[in-house]
4 protein chains.
Amino acid sequence: MALKINLNADIAEGWGAYDIGNDAALASVIRSANVACGFHGGDATVMHRFVMQAKETGCSIGAHPGFNDLWGFGRRQIKMRTSDLEYRVADQIGALQAMAAYAGLKVTHLKAHGALNNMAAEDEEYALAIGRAIKAVDRSIIYVALAGSKMETAAQKLGLPLAREGFADRQYEDDGNLASRSIPGTVLKDPAKAAEQVIRMVRDGEIVSRHGKAFKVKVDTICVHGDEPTSINVATGVRKRLEAEGIQVVPLTEMSLSS
Amino acid sequence: MALKINLNADIAEGWGAYDIGNDAALASVIRSANVACGFHGGDATVMHRFVMQAKETGCSIGAHPGFNDLWGFGRRQIKMRTSDLEYRVADQIGALQAMAAYAGLKVTHLKAHGALNNMAAEDEEYALAIGRAIKAVDRSIIYVALAGSKMETAAQKLGLPLAREGFADRQYEDDGNLASRSIPGTVLKDPAKAAEQVIRMVRDGEIVSRHGKAFKVKVDTICVHGDEPTSINVATGVRKRLEAEGIQVVPLTEMSLSS
Amino acid sequence: MALKINLNADIAEGWGAYDIGNDAALASVIRSANVACGFHGGDATVMHRFVMQAKETGCSIGAHPGFNDLWGFGRRQIKMRTSDLEYRVADQIGALQAMAAYAGLKVTHLKAHGALNNMAAEDEEYALAIGRAIKAVDRSIIYVALAGSKMETAAQKLGLPLAREGFADRQYEDDGNLASRSIPGTVLKDPAKAAEQVIRMVRDGEIVSRHGKAFKVKVDTICVHGDEPTSINVATGVRKRLEAEGIQVVPLTEMSLSS
Amino acid sequence: MALKINLNADIAEGWGAYDIGNDAALASVIRSANVACGFHGGDATVMHRFVMQAKETGCSIGAHPGFNDLWGFGRRQIKMRTSDLEYRVADQIGALQAMAAYAGLKVTHLKAHGALNNMAAEDEEYALAIGRAIKAVDRSIIYVALAGSKMETAAQKLGLPLAREGFADRQYEDDGNLASRSIPGTVLKDPAKAAEQVIRMVRDGEIVSRHGKAFKVKVDTICVHGDEPTSINVATGVRKRLEAEGIQVVPLTEMSLSS
């Protein structure tokens, strides 16, 4: 039986007159899209346009909630009450559900954005707040969680479907955490190296840290980026390599996930 | 068989640290609430709090979308593309649906806010944009329309359930339009006079204009306000008088509406 | 004595993570910059970066206030109280003055943005509101006004220094108004044609309408655009042609302006 | 020679249709106002109204910059680049300067708001960013700093005029820090106790901690609050007691400050 993996990316993060990212190129590479929902980026028109495209391409649709911090594009770490955070995540899911209705689609996963994703990876309270929002709005929504993070724990505690996420273009530390972007070389810009890392994750269930240490990991989805020319090259290279190896690249909804 | 009427009011329009209006007093008077959805006012925390209360009081829940103009509180007239308007209305419905899910409630009606309501009353393109948003997200949502306005026409063209609205505390012109607030005396501050106007609308299907001309009108819901001490007195007075006259005050969902 | 003219353009309209326009190319063409001030676009970081560049290039700095409508990028027509409009314009001037202080520069002109500019061209109340804001904050700031518009009248009534503006890349109607962009051909994309129109304005004080009618006009500054490849080509072509004709292209502060 | 002290409070924090706080009552108690500048609260209309009042009452005007976080009312801790923070503080000063020009007033001090003030008290990088903004825009602006905090250090390093601040209605720890609001009793609601604490600070240069330990402190200005009925009572009580003791309550501009 063929191996399967999902590729996901953040998408539709423009807002009003402002455009950002490289949606067209990314959309042809990934099979699941994390759609910005209007808080850190994205707006109703941008969401609408993307869900109509997703209907054509068969890309599955996920909410990509961020902090209510448009200026900071959701990249600033913000301390807030977890109940306030939870309701804002629910609000963002609802907004995307309404837009998805235009295309007859459902919102089938959720991946937190930027600083919220980073904070929730380490802070179980934030991770649980995200999970409770999912549970309140639609408990069939898949919680995309950095493999090994507090989000994984939160999804399990709440009994939510869980997709463990690995990164194509980021190096890891020995303990399984992502290496900081500020360390030179930790962002992989060579498609071949990124593809190698992904193949190893998918086929062998292993990541090799930047110091050469191998550790076990179970990954259901691979995050790729498209904001820079090198990152879209990496994404494309990973996709091609996966297919060349006979690994099926499928929407998250076609992965066999635990809950 | 007893006459029935609905009382509705705008509610939950606070935002962040900012509070506005008189939700507690209003909530005990009305049977259907127009809940602000975060664009002109309202936020996820405020929405959440109100839907939980509505669950207790049996008040039915409606979306109250406004222009994306928080500073102007949705009261500034804005010209925008109707497709952009439509998607923003859909977005607001979705946000409230997500919050309503916390209470196990559904969003059962929609009433546009402020300048959007005023513009859509006269501009069929705006009125249709609102209606198309309803149709895309949930076509069972009742479109609350100023009786005789372009919104009424739009709801009918789109085949949406329609609730025709009258006002308790505003005088009318001979042609059935609301008299401008800027004309002294057109805002009714005497509960007895407002109640008289409402009773006549509900029992006789008639409004008497400020010049004394009577005209026919069919009204399913009466809008009351709570932003000033006199307006909450008016709302309370109207409710009591209706009940004293044996007229049932029910949620919009219990009215017999045309579509 | 050599003829002189100013070239101006809107600039620095990015916001947070969002970029827009083509600042670098435009900055080398123009001599006066209309700097967005944070309401329709622009933010403190973007303003700061640009004023530091302007210090190097000798470009004079103007405020470019718009409606408080970031989502609409200031392009939506909004009806608001003129006092509210006035104070918001003053606020935007002040914000840019603070950033200009970093470069030891002064804010020497003001040009309204987008829908505000369009509305103020026709509505004297809006035009006066802008002028009163200038007068309150710094009455030496030059009011850039579409030649022949209500803004010109407002500047004169308030005794403010006035720069009459013509357009390089837009055709005119017989009555001196700009022809609507929606009419095919009214946006000039051929640098030679645009340069010809500008030369005629500057040297002969004449504009030839799209129907071939010539009318007199006095123009102190020419607006160019840089948002599209054709528009930056036009801007560059106009600049070169002006210099080839021996016409000096100078900052607004070096023009002899009436008040 | 009579002792002198300043009383300051946060003011003019409404925004658009939203009102907050108790400006009228506070304005009659304080002599220096920290005026919100539009980022965490406050807008051009609200600023304008207040500066016109301040002109009448002789209250001196200060900028009250906060994080660009309107929803959080500037109370959420946000991590951001210090250069971005600095430019936003400068922007807010400039906005208030423009409004102050309407009243012929100058912005003579600055006090940071909410979470920014709390973070800058402990984080010298944030404290310096605020100070650099002051220095760039107008180096005669007084930096109001919690006595003994990193802001005090920053003001001194940058050579800015400094006003050390004490609190009327908050208890202190033995080390001179404010006791957390979450500890019962640390917010003083009894005007007599607050007045006692203030008199001791002003006359004796001493604070007695909540554990009874006295420590030396030099205070130029006392912060009072008006957001709750008890806090406005405290503010009024403190003012009366100071005057009864023959201590002059003056604007910050009349205090003898170090730099």
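Close approach to chain A, defined as a heavy atom under 4.5 Å from one of its heavy atoms, is seen in G16(C), A17(C), Y18(C), D19(C), I20(C), H40(C), G41(C), G42(C), D43(C), T45(C) of residues 16-51 of chain C, taken by number. Within residues 96-119 of chain A, no residue has any heavy atom less than 4.5 Å from a heavy atom of chain C.
The environment of R81(A) atom CZ is sparse: at most 12 non-hydrogen atoms of other residues, nucleotides or ligands sit within 6.0 angstrom.
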